[in-house]
Protein chains: 4
Amino acid sequence: MTETAESAATDAAATPARRAVPATARGRRSRQALLDAARVVFARDGFTNARITDISDEAGVAHGSFYTYFKSKDEIFLALIEELEEDLRVSGDGERAGATDGSAYARILRANTDYLTAYHDNRGIMVVWEQAATLNEEVAELRSQASERAVARIVRSIEHMQTAGDVPAAIDARYAATALTGMVSNFAYRWCLRDEDFELDKAAEQLSRLWANALGIPTP
Amino acid sequence: MTETAESAATDAAATPARRAVPATARGRRSRQALLDAARVVFARDGFTNARITDISDEAGVAHGSFYTYFKSKDEIFLALIEELEEDLRVSGDGERAGATDGSAYARILRANTDYLTAYHDNRGIMVVWEQAATLNEEVAELRSQASERAVARIVRSIEHMQTAGDVPAAIDARYAATALTGMVSNFAYRWCLRDEDFELDKAAEQLSRLWANALGIPTP
Amino acid sequence: MTETAESAATDAAATPARRAVPATARGRRSRQALLDAARVVFARDGFTNARITDISDEAGVAHGSFYTYFKSKDEIFLALIEELEEDLRVSGDGERAGATDGSAYARILRANTDYLTAYHDNRGIMVVWEQAATLNEEVAELRSQASERAVARIVRSIEHMQTAGDVPAAIDARYAATALTGMVSNFAYRWCLRDEDFELDKAAEQLSRLWANALGIPTP
Amino acid sequence: MTETAESAATDAAATPARRAVPATARGRRSRQALLDAARVVFARDGFTNARITDISDEAGVAHGSFYTYFKSKDEIFLALIEELEEDLRVSGDGERAGATDGSAYARILRANTDYLTAYHDNRGIMVVWEQAATLNEEVAELRSQASERAVARIVRSIEHMQTAGDVPAAIDARYAATALTGMVSNFAYRWCLRDEDFELDKAAEQLSRLWANALGIPTP
DNA sequence: AATGAATGAGCATTCATTCAT
DNA sequence: TATGAATGAATGCTCATTCAT
């Protein structure tokens, strides 16, 4: 996670050596059962407390079968995140199709709404993802890459607006993009972590307003 | 804490049988040696990988002596961050003495500079603190409380400025305070986590500029 | 990012399904090997001194395998005495089949002979059982229940004889049953504890004579 | 405990090498404070769970001071038992002064009443004594010796009555003495262990009746 | 492929006993 | 003597990973 407003993608990342997709339908079913179970168990117990036994049990497969498909807890978690990123991207794509429509503020608002919605819909694993990123180098790397892609996109957008004179030159695009994406993802995290009583629509509106103001973009 | 500079210790928690302050000077030295060692080991190995053995070794005391002063890894970590919070508060207080001097922007800049400085000076444990907060309920609670204190302070400040007509009424003080403190602490975290090449002064200036703009406060 | 809650909570979790009866023959063999080893080790070293390591070693399984079948020393001991009780009951039942044969004295003699024989045959664990009962609530409970079953049976028998006028009414059946079973079990314990030189047949005869006399039942 | 009807003594036993009685009054006070504390702690926590720390704390002396007076948990327990046996003997002596008064039954009743009273008055440690005897060779030895002294006394008494023709020759004095003292001590143990609702007077009366009947001695 | 048993490294923790002041 | 800190041997227990059917 950690993506942030106006982003969510991933995939591009070189996939580390993983076990091949199972040849048989039965194998594919088992693998998927494990992934589904992992999502449940990680969300429920957190990364550290989740045990491979629990995931196997939840999936209804034998303990030892886990290793037919994944070689460690870290690996299944990475697979899970990849699956998750696909979901996030798909749900984001629909809306982002018309990402160039409307005013700058409208685009920001749309992106933030999408992001908060996706984060909240998947809050169970999103929160665990944050945890896992502090524990596993590869997870941190994935998270970092996603972040950087989001930042890069926003850097380009800010620079474009600066060229057009819509954003002050005193603002450093990279610092700003890093800070603003961090603002949104951190807000989403805190919101979901303890279920603070923020409302999605209002949060999206307020964050977008702060974001636009920060860059000198007109708001309603 | 961690949110931002300042903060107030916690301690509320009643320390169990474990004597908070050893009776003899020798005991006080041992306890402090363990705390100092913990700081080193946690910063070096992270919360999860740090072993009580390592801390004892680093402190130069017998393995079992650890338990004379602390009853678990979690407990020494909590003691460590209480100590840390005191340090942070002290170093923050000094500078914030004249917190009402100068323009609103100047005050924001000063606070952010203080915060980034303190965070960076203690980056080893600050990063581990973030990790530990994902693993231990009490640590998370401490961190959360510090956050809330910072947010509360800024909420008051924003409301005050709104009353004075310096910040638009369209902004919700609580959402804004949460988002902006999150922006800064998240920036600090990312900066220190991987030692990205941000410069402190520039970062403080840019974050303050975004912060001020977001609230409609004039910037240089 | 980084907040989070979740975390620490844990443990609550559960007992990794300790299966009473392993699914495979191999598992059943291992479990039984551990029980057999426990019998040897407990008898040799006593409850307190017996280490799980010793039991595993004696059983020829890996240290960790112990925990596949039992979760503590207490638990395997309980399983062991349940097994033991079955044995005792079976061996007792055989002889007690004709428990109504012969004179009252003859029946008493037979029961005491059976009891002393079984106790002596299993003296190793019987003595440890007494020890364990002073250390573990559940063991004490099991032991107590077995006692009570025996007492209850004898209470009925005494009351029956009182109705028939064969035992004086001045005797309280419950006090008497408690005292007399205690007399026999205590005798057996002392006998086996230090291998005092009592002879089984003579002991059974003397105890039965005292028992019968105590109740006013004629003896040869 | 373990004494039994008509007995309670001890003392005679050769005292194993113990630390000398403290020279100073202060030392004597500390030693006694530890013994008193030990009685409380052992009764409360049992032999196994009692920690030297707890005894020191309860006594109000420093942890390390324990070793000035006793060299181990076993040793202080033995000292405690010796003290206890003195108490028991003293309280028994008063009544036993006229031990030859009255009928044989009256003497038996008086002895059993004394025994049950003393046992119940000290039930806390008596029960722990039984436990400790299963754990420590020396404690077991003390217990055994006391038992044997009681048994020996009763053997003489029975033989005397047999000579006088008051007890049948078919009874073996040693077996009988062992069995009957065991009956009483075991009854006392069970009574105190779980606080079963036996009444002292009735218990003494019933046990004495069984005892007398068993030996062919006339009862009221 | 599936199963479930086997393995053992890895760490925490307790507490009796010794020591320095 | 009194204190309270220091020591470290002794074990229990978990769980990821490997193996034999």
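The figures that follow rest on heavy atoms only: side chains count, while hydrogens, waters and symmetry mates do not. First the proteins, then the strands, lettered A, B, ... as listed; each starts at 1.
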Would you list the atom pairs, donor with acceptor, under 3.5 Å between side chains in residues 125-139 of chain C and any protein atom, with sequence neighbours excluded?
from   : atom 1 : to     : atom 2 : distance (Å)
C/E130 : OE1    : C/R143 : NE     : 3.0
C/E130 : OE1    : C/R143 : NH2    : 2.4
C/E130 : OE2    : C/Y119 : OH     : 3.0
C/E130 : OE2    : C/R143 : NH2    : 3.3
C/Q131 : OE1    : C/F47  : N      : 2.9
C/Q131 : NE2    : D/T134 : O      : 3.1
C/T134 : OG1    : C/Q131 : O      : 2.7
C/N136 : OD1    : C/E138 : N      : 2.7
C/N136 : OD1    : C/V139 : N      : 2.8
C/N136 : ND2    : C/D74  : OD2    : 2.5

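Looking at DNA chain F, the stems built from 3 or more consecutive Watson-Crick or G-U wobble pairs, each pair with its key distances under 3.5 Å, are E:2-21 with F:2-21.
As rounded to whole Å, 16 Å separates atom P of E/dG4 from atom CZ of C/R29. Atom CZ of D/R31 is separated from atom C1' of F/dA2 by 17 Å (rounded to the nearest Å). If you take CD1 of B/I55 and C1' of E/dT13, they are 14 Å apart, rounded to a whole angstrom. Residue A/F70 contributes atom CZ, which lies 16 Å from atom C1' of F/dA16 at whole-angstrom precision. Atoms CG (A/L34) and C1' (E/dA2) sit 12 Å apart, rounded to a whole Å.
Residues satisfying the side-chain hydrogen bond (donor to acceptor under 3.5 Å, both in side chains) test with C/D36, not counting sequence neighbours, are C/Q32. Partners of C/E82 under the side-chain hydrogen bond (donor to acceptor under 3.5 Å, both in side chains) rule, at least two apart in sequence or in another chain, do not exist in this structure. Qualifying side-chain hydrogen bond (donor to acceptor under 3.5 Å, both in side chains) partners for B/E141, counting only residues two or more places apart in sequence or in other chains: A/R194, B/Q145.
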Query - Pair C/K73-C/F42, side-chain contact (heavy atoms from CB on, under 4.5 Å): steps then yes or no - result: CA-CA 10 Å; C/K73 187 161 75 168; C/F42 281 127; 3.8 Å; yes
Query raised in the report: Stepwise, does the salt bridge (Lys or Arg N to Asp or Glu O under 4.0 Å) test hold for B/D87 with B/R39?
Result: CA-CA 13 Å; B/D87 290 358; B/R39 196 183 280 242; 3.7 Å; yes
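Within the model, atoms OH of A/Y69 and CG of A/L34 stand 7.5 Å from one another, a figure rounded to the nearest 0.5 Å. Of the inter-residue distances, the one linking A/T53 atom OG1 with A/H63 atom NE2 reads 3.5 Å to the nearest 0.5 angstrom.
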Requested in this report: Between protein and nucleotides 15-21 of chain E, map the contacts as a letter string: B base, S sugar-phosphate only, - none, heavy atoms under 4.0 Å, written 5' to 3'.
Outcome: SSBB---
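For F/dA2, one of the phosphate oxygens OP1 or OP2 lies less than 4.0 angstrom from a side-chain nitrogen or oxygen of D/Y69. Between F/dA6 and B/S30, a contact under 4.0 Å exists linking OP1 or OP2 to a side-chain N or O.
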